Amino acid sequence: MIKFKEKLSGRIFFALALSSISVLALITVFIVVKGAPMLGAVGGLSWDPEYGEFGIIPMVIGTLAVTLGAAVIGVPVGICCAIFLAEFAPLKMRNIFRPAIQLLAGIPSVVYGFWGLMFIVPFIRDHLGGAGLSILAGSVVLAIMILPTIISISEVALLSLPPHYKTGSLALGLTHWQTIYHLMLPAAKSGIMAAVILGIGRAVGETMAVILVLGNAVAIPDSILSSVRTLTTSIGIEMGYAEGMHQEALFATGIVLFVMIMIINSLAQYVVRKK
């Protein structure tokens, strides 16, 4: 009877796992079938569906620019916060900060976008010039959105290190900061890198927040104050009314985005498994 229950449980879990993989496979096949016919036509510089122009290179550049900006802002802040929580913060402060960070992860992305539109965009317009709807505004909003991922995973990576790493280093005469910088961060670099890559993956796939703060101009940017459109915002804005070749071009855009995210996730898995 016990063996039967074990076999039944194993088959149930296998079926559940298989269903998850099947859903992913169906989504992939659907996107590829719908977008493959136009995949070769989306490599230009101009996006004007009315005249049959479906170039997504400006949107690819916009996606990479906003994601890079978010990483430049969010990664150092996230890692420093993780170090503070793991090594310096008193217990009472940790009990306040950790739920607050988890709350950040639960806020809907459209709320971040609305906040950015009301505060970040006017600040950039008044102090740096331009319309305010820009790569910089999108980078700041995305940087805040990826902080919970980077902080949580990096903190876990630091706390998972064997205690004798720290005690041995301090016993040899290194200061607390020297121990963190020269020993603990290199030892936890696998988990920290995974956190960074997963955070970047979140930034690449974000839609609603960046729709509100980027300006959605389909053009190659010339500065961080330029308005751009990302791959996700293009799909989100136009899919509701697209037909024919236009719709197929948006699915082809989805294929490119899907490949980008899969590459990022694969890198995260590789970094973790390598360690």
Side-chain angles (χ1 to χ4, degrees), residues 47 49 56 58-78 81 97 99-153 195-242 250-251 253-254 256-258 260-261 264-265:
W47 179 269
I56 65 170
M59 289 181 277
V60 173
I61 295 174
T63 300
L64 295 176
V66 174
T67 304
L68 178 61
V72 169
I73 298 171
V75 170
V77 174
C81 287
F97 274 53
I101 293 169
Q102 294 170 1
L103 180 62
L104 281 177
I107 297 175
S109 60
V110 68
V111 175
Y112 283 106
F114 183 73
W115 173 79
L117 184 64
M118 293 293 101
F119 294 96
I120 302 299
V121 170
F123 180 85
I124 293 174
R125 182 173 59 243
D126 295 340
H127 294 84
L128 299 177
L133 300 167
S134 60
I135 294 174
L136 180 59
S139 298
V140 172
V141 171
L142 286 180
I144 296 172
M145 293 182 67
I146 67 176
L147 280 179
T149 300
I150 296 175
I151 294 173
S152 298
I153 300 177
V196 171
I197 294 173
L198 291 174
I200 292 174
R202 166 78 189 277
V204 171
E206 182 52 47
T207 304
M208 287 306 302
V210 291
I211 283 179
L212 297 174
V213 298
L214 285 183
N216 299 310
V218 186
I220 297 177
D222 54 14
S223 74
I224 60 173
L225 299 179
S226 300
S227 296
V228 293
R229 178 185 288 190
T230 64
L231 296 171
T232 54
T233 57
S234 181
I235 297 171
I237 291 171
E238 300 184 12
M239 184 58 78
Y241 62 86
L250 291 176
F251 274 105
T253 302
V256 175
L257 179 64
F258 187 77
M260 291 175 62
I261 294 176
I264 292 172
N265 288 337

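The structure presented is a predicted model; accordingly, all values stated were derived computationally and were not measured.
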Rounded distance (nearest 0.5 Å) linking atom CD1 of Ile135 with atom OG1 of Thr230: 11.0 Å
Main-chain N/O of Met208 paired with Tyr112 side-chain donor or acceptor, under 3.5 Å: no
Grab the two heavy atoms, one from Leu147 and one from Gly74, that are nearest each other, plus how far apart they are. CD2-O, 3.5 Å
Where is the tightest heavy-atom contact between Leu212 and Gly113, given as atom of each residue plus distance? CD1-C, 3.5 Å
Could you check whether any side-chain heavy atom of Ile211 comes within less than 4.5 Å of a side-chain heavy atom of Asn216, counting everything from C-beta outward? yes
Donor-acceptor pair, Ser227 side chain versus Leu133 backbone, under 3.5 Å? yes
Rounding to 0.5 Å, atoms CE (Met260) and CG (Leu64) come to a distance of 4.5 Å
Begin with the C-alpha distance, continue with both residues' side-chain angles, and end with the deciding distance and a verdict on side chain to side chain contact (heavy atoms under 4.5 Å, CB included) for Val213 and Ile120. CA-CA 8 Å; Val213 298; Ile120 302 299; over 6 Å; no
Side chain to side chain contact (heavy atoms under 4.5 Å, CB included) evaluation trace for Val204 with Leu257: CA-CA 8 Å; Val204 171; Leu257 179 64; 3.8 Å; yes
Work out which heavy atom in Val228 is nearest to a heavy atom in Ala219; give both atom names and the distance. CG1-O, 4.2 Å
For Ala143 against Ala70, the heavy-atom pair lying closest together: CB-O, 3.6 Å
Any chance you could measure Ile73, atom CD1, to Ile146, atom CD1, to the nearest 0.5 Å? 9.0 Å
Heavy-atom check, side chain of Val75 versus side chain of Ile150, under 4.5 Å: yes
Using a 4.5 Å cut-off on heavy atoms from C-beta on, say whether the side chain of Val141 contacts that of Met145. yes
With a 4.5 Å heavy-atom cut-off, do Val72 and Ser139 have their side chains touching? no
If the condition is side chain to side chain donor-acceptor pair (under 3.5 Å), which residues does Thr207 pass it with, not counting sequence neighbours? none
Contact check, side chains of Val218 and Ile56, non-hydrogen atoms, under 4.5 Å: no
Could you check whether any side-chain heavy atom of Ser134 comes within less than 4.5 Å of a side-chain heavy atom of Ile124, counting everything from C-beta outward? yes
Distance in Å, Leu128 CG paired with Leu225 CG, rounded so as to fall on 0.5 Å steps: 6.0 Å
Do you know which two heavy atoms are closest between Ala137 and Gly132, and how far apart they sit? CB-O, 3.5 Å
Roughly how far, to the nearest 0.5 Å, is the CH2 atom of Trp115 from the CD1 atom of Ile144? 3.5 Å
Can a donor-acceptor pair be found, under 3.5 Å and without considering hydrogens, that links the side chain of Thr233 to the backbone of Arg229? no
Counting distance only, does the side-chain N/O of Ser234 pair as donor-acceptor with the main-chain N or O of Leu231 below 3.5 Å? no
Please test Trp47 against Thr253 for side chain to side chain contact (heavy atoms under 4.5 Å, CB included), starting from the C-alpha separation and ending with a verdict. CA-CA 12 Å; Trp47 179 269; Thr253 302; 4.3 Å; yes
Side-chain contact, heavy-atom cut-off 4.5 Å: Pro221 with Ile61? yes
Closest approach of Ala71 to Pro76 (non-hydrogen atoms, all atoms of both residues): O-CD, 3.6 Å
How long is the straight-line distance from OG of Ser226 back to CG of Leu136, given to the nearest 0.5 Å? 11.0 Å
